[in-house]
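Single-structure report; data block below.
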Amino acid sequence: TSHEVVVEMRGKGTLNGSRGNAWLAYQPAPQATQDLAGDWLGTKDSLRYDIKLSLPGNWSGKAARRSVIIDKTQSGRNVILHTEGRFLGVMINGRWIRRHHHLIGDRMDLNITPWVKFGEENEIELVGDSRKALAISLNFYDKTVYP
């Protein structure tokens, strides 16, 4: 299908254009989801994980981590870590994956598929000085659908 995007601007000053790039994005609904709500361990110094957390929710610290088993039946799909909160990125089984270098918005969707161990324990560590996590999940997409 085709769509038309229109931007109407009004004001008394001169129209100079946008200050940066703009784009539209579409993300389809996942074929399956694994909710990561629950007990996490947090850290204030990135050395000792000694703060008990329940996420999503309010928290303070540098990072939060937990172990999860990702079902083997999802092994043919892309695994997208979805968060809503001010996170810089994620450590998945010791591999650092960062979102864009600008913290624009609270949503983060990262493809972590290459570092997932299906059917085994996976250590997920959310990194960032977030004060509120609204959602945390793993979303599974058929590889021909997204991304």
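The structure displayed is predicted, hence computed values, not measured ones. Index from 1, following the sequence.
In terms of the ring-ring contact (aromatic ring centres under 6.0 Å, His included) criterion, Tyr49 has no residue partners (sequence neighbours excluded). Scanning for side chain to side chain contact (heavy atoms under 4.5 Å, CB included) contacts around Trp115 gives Ile92, Arg95, Ile97, with sequence neighbours left out. Under the rule for a side chain to side chain contact (heavy atoms under 4.5 Å, CB included), the partners of Arg77 that lie at least two apart in sequence or sit in another chain are Gln31, Ala32, Gln74, Phe140, Asp142. Remark: Pro114 pairs with Asn111 by the side chain to side chain contact (heavy atoms under 4.5 Å, CB included) rule, at least two apart or across chains. Considering only residues two or more places apart in sequence or on other chains, Asp35 meets the salt bridge (Lys or Arg N to Asp or Glu O under 4.0 Å) condition with none of them. For Ser54, the side chain to side chain donor-acceptor pair (under 3.5 Å) test picks out no residue, with sequence neighbours left out. Partners of Ser75 under the side chain to side chain contact (heavy atoms under 4.5 Å, CB included) rule, at least two apart in sequence or in another chain, are Phe118.
The salt bridge (Lys or Arg N to Asp or Glu O under 4.0 Å) analysis of residues 107-122, with sequence neighbours excluded, yields the pairs Arg107-Asp109. The salt bridge (Lys or Arg N to Asp or Glu O under 4.0 Å) pairs that include a residue from residues 21-30 number zero, where partners must be two or more places apart or lie in different chains. Identified under the salt bridge (Lys or Arg N to Asp or Glu O under 4.0 Å) test for residues 36-45, with sequence neighbours left out: Asp45-Arg48.
By the 4.5 Å heavy-atom criterion applied to side chains, Thr43 and Asp50 are not counted as neighbours. Here the side chains of Leu126 and Leu81 are in contact, with some heavy-atom distance below 4.5 Å. A heavy-atom distance below 4.5 Å is found between the side chains of Ile70 and Leu138.
Scanning both residues, Lys62 and Ser46, for their nearest heavy atoms gives CB-OG, 3.7 Å. Here the shortest heavy-atom pairing between Asp71 and Gln34 reads N-OE1, 4.5 Å. Nearest heavy-atom pair across Arg66 and Ala37 is NH1-O, 3.5 Å.
There is a path of hydrophobic side-chain contacts, each under 4.5 Å, that joins Leu110 to Leu36. One hydrophobic cluster holds both Val68 and Leu55 under the rule that ILVMFWY side chains link at heavy-atom gaps under 4.5 Å.
Within 6.0 Å of atom NZ in Lys52, 12 or fewer heavy atoms from other residues, nucleotides or ligands are found, so the atom counts as exposed in its surroundings.
Here Leu134 sits alone; no ILVMFWY side chain lies under 4.5 Å from its own, so it joins no hydrophobic cluster. Grouping Ile, Leu, Val, Met, Phe, Trp and Tyr by side-chain contacts under 4.5 Å, direct or through others, puts Val145 with Ile80, Tyr141, Tyr146.
Distance CD1/Ile112 to CG/Asn122: 7.5 Å, rounded to 0.5 Å. Here the CZ atom belonging to Phe87 is positioned 11.5 Å from the CD atom belonging to Glu125, to the nearest 0.5 angstrom. Rounding to the nearest 0.5 angstrom, the gap separating the CH2 atom in Trp40 from the CD1 atom in Ile51 is 14.5 Å.
Side-chain atoms of Ser67 never come within 3.5 Å of backbone atoms of Glu123 as a donor-acceptor pair (strictly under, hydrogens ignored). Not one N or O on the side chain of Arg65 forms a donor-acceptor pair closer than 3.5 Å with the backbone of Val127.
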